[in-house]
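Comments concern the structure below.
Heads up: numbering here begins at 1 and tracks the sequence. We count ligands from 1, going down the list as the structure has it; atoms in each ligand are counted the same way.
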Amino acid sequence: MAVQAGREHWGSRFGFLMAAIGSAVGLGNMWRFSYLAAENGGAAFVFLYILMIFVIGMPVLLAEMAIGRGAARGPIQALGFYGGRWWKSLGAVFVAAGFLIASYYSVIAGWTLRYTLEAIFLGFAEDPVQHFDSIASGWDALTWHLAFMAGSLWIVANGVTAGIERTAIVVMPLLFVVVCALSVYAWTLDGSAAGYVYYLSPRDYTEVFSREVLAEAAGQAFFSLSLGMGAMLTYASYLERNSNLPSQATIIAFSDFGIAFIAGLVVFPLLFALGLSEDVGASTVGALFITLPKAFLELGVAGRVVGTLFFGALVVGALTSLISLLEVVVASTVDLTSWDRRESTIRAGIAAAIFGAPAAMSLGALDAMDQVATNLLLMGGGLALAIFTGWVMRNPEGEVTAGAGRYRWFGLWVNLLKYVVPVVLAFIMIGSVPKTINAVLALFE
Ligand code: PFF
């Protein structure tokens with residue numbers, strides 16, 4: 001087997017699960033999911049989303065895990081190991097996507113850290129719109145971006161078990177407890193019921209089965225599970241050969257969905273109880289940083305505590321996701337150069353921090369980077385990986401079943417990868433190309 005001498009392994013199954021769930025749970029869960037559900041038909045969207053998790057999310061997640069564990073290398077070497085030289089370039093696209101997403105994700109993560117510390121020491125700003133405008137881009141945003149990046153790099157530099165796993169084991173259970181506690185708090189507020197109705201009552205079914213909504217559900221399933229850029233592949237490369245991949249993939253996917261769902265049970269009851277339902281329609285990241293702080297401000301002292309916990313949970317989600325993005329780049333740098341982990345982390349991290357500077361200086365640049373990364377790179381990466389596993393890889397069954405005994409759903413899994421995932425992802429990608437090109441062109445106007 002292609003196991004590198006001295007390559008680290010996760011200390012425990014729980015540690016791996018916390019790290020992988022940490023990668024999946026992030027900014028995408030705490031706001032984007034609930035917003036999409038509310039806008040696109042409530043419970044009907046939630047149902048469609050779960051379907052997408054089964055049909056495209058879990059198959060690709062399991063493919064990434066099987067390849068990563070089997071090759072015990074970062075994405076470039078792993079795809080080269082199974083597919084030969086040409087497939088290495090897909091690994092290179094993965095690493096480029098990880099690098100690009102890490103560079104701007106850290107800017108948004110910087111905002112969450114700033115909001116958390118402000119909530120603790122200063123309270124929420126009186127004018128949240130003006131406050132967000134003043135901190136979202138410019139030198140301040142750059143400083144917080146650099147600070148967040150430095151902290152994340154420090155964890156990655158400490159290694160898989162001592163850095164990534166240890167952090168995830170401590171912070172992920174905390175995040176879960178906090179989000180659950182906040183949902184109970186939101187339930188106690190007068191007027192919260194209207195929030196549940198808005199979030200979950202099935203509305204127009206015809207609307208739900210449109211092309212756009214399908215694309216939103218599939219895209220969200222993909223982004224939320226950190227797929228299409230080798231993050232799960234890289235994490236699985238530190239697994240022992242005897243781990244049961246299908247069962248772990250199932251736990252990861254359901255935990256990710258669970259936290260997204262519960263976050264919605266915090267956000268909507270809270271906003272409706274405070275009469276801020278009008279503001280919900282603003283879909284941009286701004287809504288998370290403007291509308292919710294408005295609610296926390298109105299709740300007085302309790303709001304300050306709840307707001308600190310909410311933004312603190314966002315910091316944790318963003319941190320554990322950013323770590324996984326950086327790990328993709330670092331693992332590949334370690335594989336391909338003579339630098340050790342520490343040197344690789346410092347060099348890759350400085351490069352990503354610099355590359356993220358435009359996103360810190362301009363919201364337009366941040367948006368364009370996000371669209372290119374998620375609409376083109378992640379989708380394209382997932383599509384190519386599905387084709388690779390379904391059609392090119394020689395013995396996917398052997399790789400996925402090692403440690404699992406028999407995999408009952410193997411036939412279904414391979415057929416989804418061969419036929420369904422490529423078609424669904426191609427369909428989504430084609431639909432989003434014009435939007436993505438416009439976001440990039442807008443930068444040059
Ligand atoms: N899954 C993360 C979220 O939902 O916020 C985002 C993400 C992290 C995407 C890591 C891709 C990735 F590799």
Side-chain angles (χ1 to χ4, degrees), residues 18-37 49 52-53 57-58 60-61 63-65 68 74-75 91 93-109 111-112 148-149 152 155-156 164 168 172 175 179 216-237 249 252-264 285 288 313-332 348 352 356 366 369-382 385:
M18 288 303 107
I21 295 169
S23 170
V25 171
L27 300 165
N29 299 59
M30 304 289 285
W31 170 254
R32 202 161 172 265
F33 171 76
S34 39
Y35 165 75
L36 286 174
Y49 179 74
M52 285 298 132
I53 294 227
M58 300 240 307
V60 176
L61 174 59
E64 286 206 18
M65 289 173 73
V93 174
F94 281 0
V95 176
F99 181 83
L100 176 65
I101 300 179
S103 70
Y104 73 81
Y105 202 84
S106 164
V107 174
I108 307 174
W111 301 343
T112 65
F148 206 100
M149 186 64 101
S152 312
I155 295 171
V156 174
I164 300 173
M172 289 311 293
L175 180 145
V179 176
E216 293 279 27
Q220 172 67 9
F222 221 65
F223 181 78
S224 188
L225 283 171
S226 304
L227 299 176
M229 47 141 295
M232 293 301 183
L233 185 159
T234 306
Y235 271 10
S237 76
I252 296 167
F254 275 89
S255 309
D256 182 56
F257 167 71
I259 295 185
F261 185 75
I262 299 170
V285 239
L288 176 60
L314 272 175
V315 169
V316 166
L319 176 71
T320 47
S321 295
L322 181 58
I323 289 173
S324 72
L325 290 159
L326 292 168
E327 180 58 28
V328 172
V329 185
V330 170
S332 303
L366 195 157
M369 285 161 93
D370 182 40
Q371 302 237 10
V372 169
T374 49
N375 300 344
L376 302 182
L377 296 178
L378 291 191
M379 297 287 146
L385 190 88

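- Annotation for G382 and F222: closest pair CA-CZ, 3.5 Å, computed over non-hydrogen atoms.
- Residues E64 and L227 are in side-chain contact: their nearest non-hydrogen atoms beyond the backbone lie under 4.5 Å apart.
- Ligand 1 is never approached by I101 to a heavy-atom distance shorter than 4.0 Å.
- Within ligand 1, the atoms closer than 4.0 Å to a non-hydrogen atom of S324 are 10 (C), numbered from 1 in the order shown.
- The two residues M18 and M172 have their closest heavy-atom pair at O-CG, 3.5 Å.
- Using a 4.0 Å cut-off to heavy atoms of L27, the atoms of ligand 1 that qualify are 5 (O).
- Numbered from 1 in the order shown, with element, the atoms of ligand 1 that lie under 4.0 Å from a heavy atom of S224 read 1 (N), 4 (O).
- Contacts of Y235 classified as ring pair (Phe, Tyr, Trp, His ring centres under 6.0 Å), with partners at least two apart in sequence or in another chain: W10.
- Taking atom 11 (C) of ligand 1 as the reference point, the nearest protein heavy-atom neighbour is S226 CA, 3.5 Å.
- With no hydrogens or angles considered, no side-chain donor-acceptor pair links S321 and S23 at under 3.5 Å.
- Heavy atoms of A231 found under 4.0 angstrom from ligand 1 belong exclusively to the side chain.
- Taking the six-membered ring for Trp and thresholds of 30 and 60 degrees, F33 and Y49 have ring planes inclined between 30 and 60 degrees apart.
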- Does the side-chain contact (heavy atoms from CB on, under 4.5 Å) test come out yes or no for V25 and V316, once each step is laid out? CA-CA 9 Å; V25 171; V316 166; over 6 Å; no

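- Among all non-hydrogen protein atoms, the one lying nearest atom 4 (O) of ligand 1 is A24 O, 3.1 Å.
- Of the listed residues (F223, F94, F222), the one carrying the non-hydrogen atom nearest atom 6 (C) of ligand 1 is F223.
- Near N29, the atoms of ligand 1 lying under 4.0 angstrom from a non-hydrogen atom of the residue are 4 (O).
- Residue contacts with ligand 1: G28 is placed with a nitrogen or oxygen under 3.5 Å of a nitrogen or oxygen of the ligand (distance criterion only).
- You'll find the side chain of T320 stays beyond 4.5 Å of the side chain of I164, heavy atoms only.
- What sits closest to atom 13 (F) of ligand 1 on the protein, heavy atoms only, is M229 SD, 2.8 Å.
- Given atom 5 (O) of ligand 1, the protein heavy atom at minimum distance is Y105 OH, 2.7 Å.
- Side-chain contact between L225 and V60 is absent, with no heavy atoms from C-beta onward closer than 4.5 Å.
- When non-hydrogen atoms are compared, ligand 1 lies under 4.0 Å from neither the backbone nor the side chain of A318.
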